[in-house]
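Data first, discussion second: the structure below is written as C-alpha cells.
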Amino acid sequence: MVEFRAFTCVVAVIHTDIDPPSMELDACLLGGGFGSGKASLGEIEVLKITQFASIWGFNLTHRENNGVTFYRPLRIPEGFHCLGHFCQRNDQPLHGYLLVAREVDAYFQEGDHVSNIVKLPALVKPLDYTLIWSPDDGREEQYSECAYIWLPQPPDGYKSMGYFVTNKLKKPELGEVRCVRADLTDRCETYRLMLNISLKCTNFPVQIWSTRACHRGMLGRGVPVGTFYSGSHKVTEKELPIACLKNLDSTLHTMPNLDQIHALINHYGPTFFFHPKEIYLPSSVSWFFENGVLLHRDGMSSGEAIHVCGTNLPGGGRHETVCWMDLPSDDCRDKIIYGNLESAKLYVHVKPALGGTFTDIAMWVFCPFNGSATLKLGIMDISLGKIGQHVGDWEHVTLRICNFTGELSSIYFSQHSGGEWVDAYNLEFIQGNKAIVYSSKSGHASYPHPGVYIQGSAMLGIGIRNDCARSHLCIDSSSHYEIVAAQYLRDNGVVEPCWLQFMREWGPTIIYSSRTTLDKMINFLPSMIRFSVANIIGKLPGELFGEGGPTGPKEKNNWEGDERG
C-alpha cells in the first residue's frame, strides 16, 4: 500500500540551484528573433513561461524527494493562453518551462489562395474535461487537498496539448486552457519516467512521463510544449492523447546568426579534460594530414599523401571509390598516434533543434588513435590487448541552447555507441558559464563528472572501464574551435571543409583474434559469474572486436537526426 505525503505551496520560479548562477547571455548578444522570449510558428505565436505556482505535490512514504509536484504557469501575458500544466520530480531543482500560445492574425503560408484562406481558428476551448487520475478515488474526505488530473476533450479537428491539474474535485473552467487545430500539431511520445506507482498501488495506478516530439533532429518541426503524460501504463506514440506543436514558419527566425553563434561558443564553450595518464591525445585534422597520413584506394599497392586541407580526398557517396586512411609505416607512425594537443580544436556543427526553438551546437573532437580497452571484473582489471584499438577517433558533445532566452539548457555526452543528455543544473563548471567535459582514458568517451564508468553492468561491476579525471591536458573549446557547418544560415560565409565530405573510413579495418581468447578466459571464471560475464560481453559493441576506422561527422546519424538518449 502506498501512502502519499502531500504538500502545497506557491513558488515563483527563477533559475536558481544552477551552477553558475546565471546561464543567460549578455543582452547585447541577443537580437533579431533569437533570445526574444517568443517564437512565431506560423498561425501561432508561443512564449516561454518559467514562473509557476505549485498546485499539489507529494512524496512516497519510504524516502524523501521521491515524488512529483504539479505546477501551473504564472504571469501569462494578455492574449496568450495556457496549453497544459507542468510536472517535475522533487529530487531536482525546478528548471522547466511551459509554452503559452496566441493566434496570429492574417498569417498565410506560401501556396495559400484567396479561395481557401478561410480557416478554422488555430486555438479553441475544449468541449469538456475527463478525470484521468486522483489518489483519493474521488472522495474528498480522505485528503483536505489532492491532485486531480484532467484531460481536455478537444472538438473534432483539434488536439489537446497537455493535462490540467486541480487540487479540488471540480472540473476546470473551459476557458482555462486551449486546444490546437490538428494541422498545427505534431505527434509526441513519452520520454523520461517521473513517477510509477502502478506496481505498488493497485487502487490508484499511475505513471507520469515527460514528453518529447516524435519527429526530431535538424529537419524535425515538432515543438514540445513542456507538458507531461499521465496514464496507468506507458503507451505508444499512436495512442498518446496529447500532441506537441509544429513549426510551420520556414524562416527559422529564432535561430542565432553567425555573430551570435560565436558569442554562444565564447560564452558556453566547455573545457575538455583528458585523463592524466592519457597518451592518445587529440589533434587538428590538418596536423593529422600534414604529418604523413595516407589515402589508400582499393587495388592500389601504396597510399598517397593527403593535402593539408584534404582537397584530394574523394567526396560523395561510398558507391564510387573504395578507399580509407591509414598511418604510414615509417617513424611518423609513432608521432601521429600520440596526437598533438597544441593544434587540437573543436569542429562545430550548428543546427536547429525541437522545431527551431532550440539550437544544437555539436562540437566534434578528433583523436588520431583510439587506445586498447580494459575489462573490469569486480575488483580485477584485465587488459584486452589490441581490442579497442583503431586509427582515427571522432567523438562529440552537443550543447542545446534555448532560443527563447539564449540559456544553456543541457549538454549531450556521446559515449561509444550511446550517450546521455545532462541538464545544466547537473553539470560541473569552470570559468563562469563554461561546463566541464571529461574524456575517458584511451577511448575518449565523454562524461559530465570524474570517476570510473562501466560500459556493461555497473551493478555487477562487469564491463569495459572508462576512467575520467581532471589534469593539465585540456582544450578550451570557447577559444579553440572552427565552425564547419551551419546549413540553416545558407550563404553566410561558413564553408564546409573538403575533409568533411569524405564519406569513408578514417582508418583501416582491423580484425582481432582476441575475441576467441576472451571467450576462453570466460570459461575459466567461477560458475557463479561466468554466465553474467558472457552475457555482458555479448552485448558490447561489435566494433570492439573488429575495429574499422570510424566515419567522419557527416556520416553519423546525429548529423541530421537527434542524439540518442
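Here CD of E505 is found 7.0 Å from OG1 of T551. Values are rounded to the nearest 0.5 Å. With rounding to the nearest 0.5 Å, the separation of CG in L219 from CD in E560 is 5.0 Å. In this structure, L240 CG and T211 OG1 are separated by 7.5 Å, a value rounded to the nearest 0.5 Å. A distance of 5.0 Å separates CZ in F289 from CG in L313, rounded to the nearest 0.5 Å. Taken from CG in N433 to NE2 in H267, the straight-line distance is 3.5 Å, to the nearest 0.5 Å. To the nearest 0.5 Å, atoms CH2 (W209) and CE (M194) are separated by 10.0 Å.
Pairing each heavy atom of C244 with each of P224, the nearest pair is CB-CA, 4.1 Å. Closest approach of S477 to I265, counting heavy atoms only: O-CG2, 3.7 Å. The nearest pair of heavy atoms linking W324 to G507 is CB-O, 4.1 Å. The shortest heavy-atom contact between L427 and I411 is CD1-CD1, 3.7 Å. Annotation for R89 and L193: closest pair NH1-O, 4.0 Å, computed over non-hydrogen atoms. Nearest heavy-atom pair, I76 versus C82, reported as atom, atom and distance to 0.1 Å: CD1-CB, 4.1 Å.
Judged by distance alone, with hydrogens and angles left aside, the side-chain atoms of K434 form a donor-acceptor pair with the main-chain N or O of N266 at under 3.5 Å. Looking at S471, its side chain does come within 3.5 Å of a backbone N or O of F274 through a donor-acceptor pair. Of the possible donor and acceptor atoms, none in the side chain of Y412 sits under 3.5 Å from a partner among the backbone N and O of A362. Here the side chain of H85 pairs no donor or acceptor atom with the backbone of C87 at under 3.5 angstrom. Side-chain atoms of T69 do not come within 3.5 Å of backbone N or O of N90 as any donor-acceptor pair. No donor-acceptor pair under 3.5 Å is formed between the side chain of S414 and the backbone N or O of G419. Listed for the Q389 side chain is no donor-acceptor partner under 3.5 Å among the backbone atoms of F369. D423 contributes no side-chain N or O that, together with a main-chain N or O of Y425, makes up a donor-acceptor pair within less than 3.5 Å. Panel note: side chain Q260, backbone N257; a donor-acceptor pair is recorded below 3.5 Å. Formation of a donor-acceptor pair under 3.5 Å by the Y453 side chain with backbone atoms of S440 is not found in this model.
Annotation: side chain of V437 is not in contact with side chain of M363 (no heavy-atom distance under 4.5 Å). Under the 4.5 Å side-chain criterion, counting only non-hydrogen atoms from C-beta, V223 is not in contact with L354. A 4.5 Å side-chain heavy-atom check between T190 and Q207 finds every atom pair outside the cut-off. Residues I306 and F502 have side chains not in contact (no heavy-atom distance under 4.5 Å, counting atoms from C-beta outward). Between K246 and T185, the closest side-chain pair of non-hydrogen atoms is not below 4.5 Å. Under the 4.5 Å side-chain criterion, counting only non-hydrogen atoms from C-beta, L341 is in contact with P282. The side-chain heavy atoms of Y163 and Y229, taken from C-beta on, include a pair separated by under 4.5 Å. In this structure, the side chains of H215 and R187 come closer than 4.5 Å at one or more pairs of heavy atoms.
Neither side chain, Q455 nor Q415, offers a donor N or O lying under 3.5 Å from an acceptor on the other.
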Can you give me every donor-acceptor pair (side chain of residues 442-450, partner residue at least two apart or in another chain, under 3.5 Å) with its distance?
residue	atom	partner	partner atom	Å
H444	ND1	D393	OD2	2.8
H444	NE2	Y280	O	2.7
H449	ND1	E428	OE2	3.0
H449	NE2	N426	O	3.0

Exercise for the section: Please report the C-alpha distance between T227 and L98 in whole Å, then the side-chain angles of each, then the deciding distance to 0.1 Å, and finally whether the side chain to side chain contact (heavy atoms under 4.5 Å, CB included) criterion is met. Expected result: CA-CA 7 Å; T227 53; L98 282 172; 3.8 Å; yes

Practice task
Would you sort out whether E407 and K48 count as a side chain to side chain contact (heavy atoms under 4.5 Å, CB included), showing the intermediate values?
Solution key: CA-CA 12 Å; E407 294 174 324; K48 179 182 177 182; 3.6 Å; yes

Problem - Audit row: H275, D467, side chain to side chain donor-acceptor pair (under 3.5 Å) steps and yes/no - result: CA-CA 7 Å; H275 195 275; D467 293 80; 5.0 Å; no

Practice task
Could you give me the CA-CA distance, side-chain angles and deciding distance for S283 and Y338, then say whether side chain to side chain contact (heavy atoms under 4.5 Å, CB included) is met?
Solution key: CA-CA 9 Å; S283 75; Y338 298 126; over 6 Å; no

Problem - I55 and Y71: CA distance, side-chain angles, deciding distance, side chain to side chain contact (heavy atoms under 4.5 Å, CB included) verdict - result: CA-CA 5 Å; I55 303 165; Y71 299 90; 5.7 Å; no

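The one candidate from Q487, E496, K554 that meets the side chain to side chain donor-acceptor pair (under 3.5 Å) condition with H349 is Q487. Remark: of the listed residues R216, K556, H396, H396 is the sole one forming a side chain to side chain donor-acceptor pair (under 3.5 Å) with E563.
Under the rule for a ring-ring contact (aromatic ring centres under 6.0 Å, His included), the partners of F70 that lie at least two apart in sequence or sit in another chain are F228. Remark: F366 engages F288, W394, W506 in a ring-ring contact (aromatic ring centres under 6.0 Å, His included) (not counting sequence neighbours). By the ring-ring contact (aromatic ring centres under 6.0 Å, His included) test, F273 is found to be paired with no residue, residues two or more places apart in sequence or in another chain being considered.
The number of heavy-atom neighbours closer than 6.0 Å to NE2 of H480, taken from other residues, nucleotides and ligands shown, is 12 or below.
Not less than 6.0 angstrom separates the ring centroid of W421 from the ring centroid of Y191.
Among residues at least two apart or in separate chains, side chain to side chain donor-acceptor pair (under 3.5 Å) pairs with a member in residues 350-368 are T359-N403, D360-R400. Applying the salt bridge (charged side-chain N to carboxylate O under 4.0 Å, His left out) test to pairs two or more places apart or on separate chains, none has a residue in residues 443-461.
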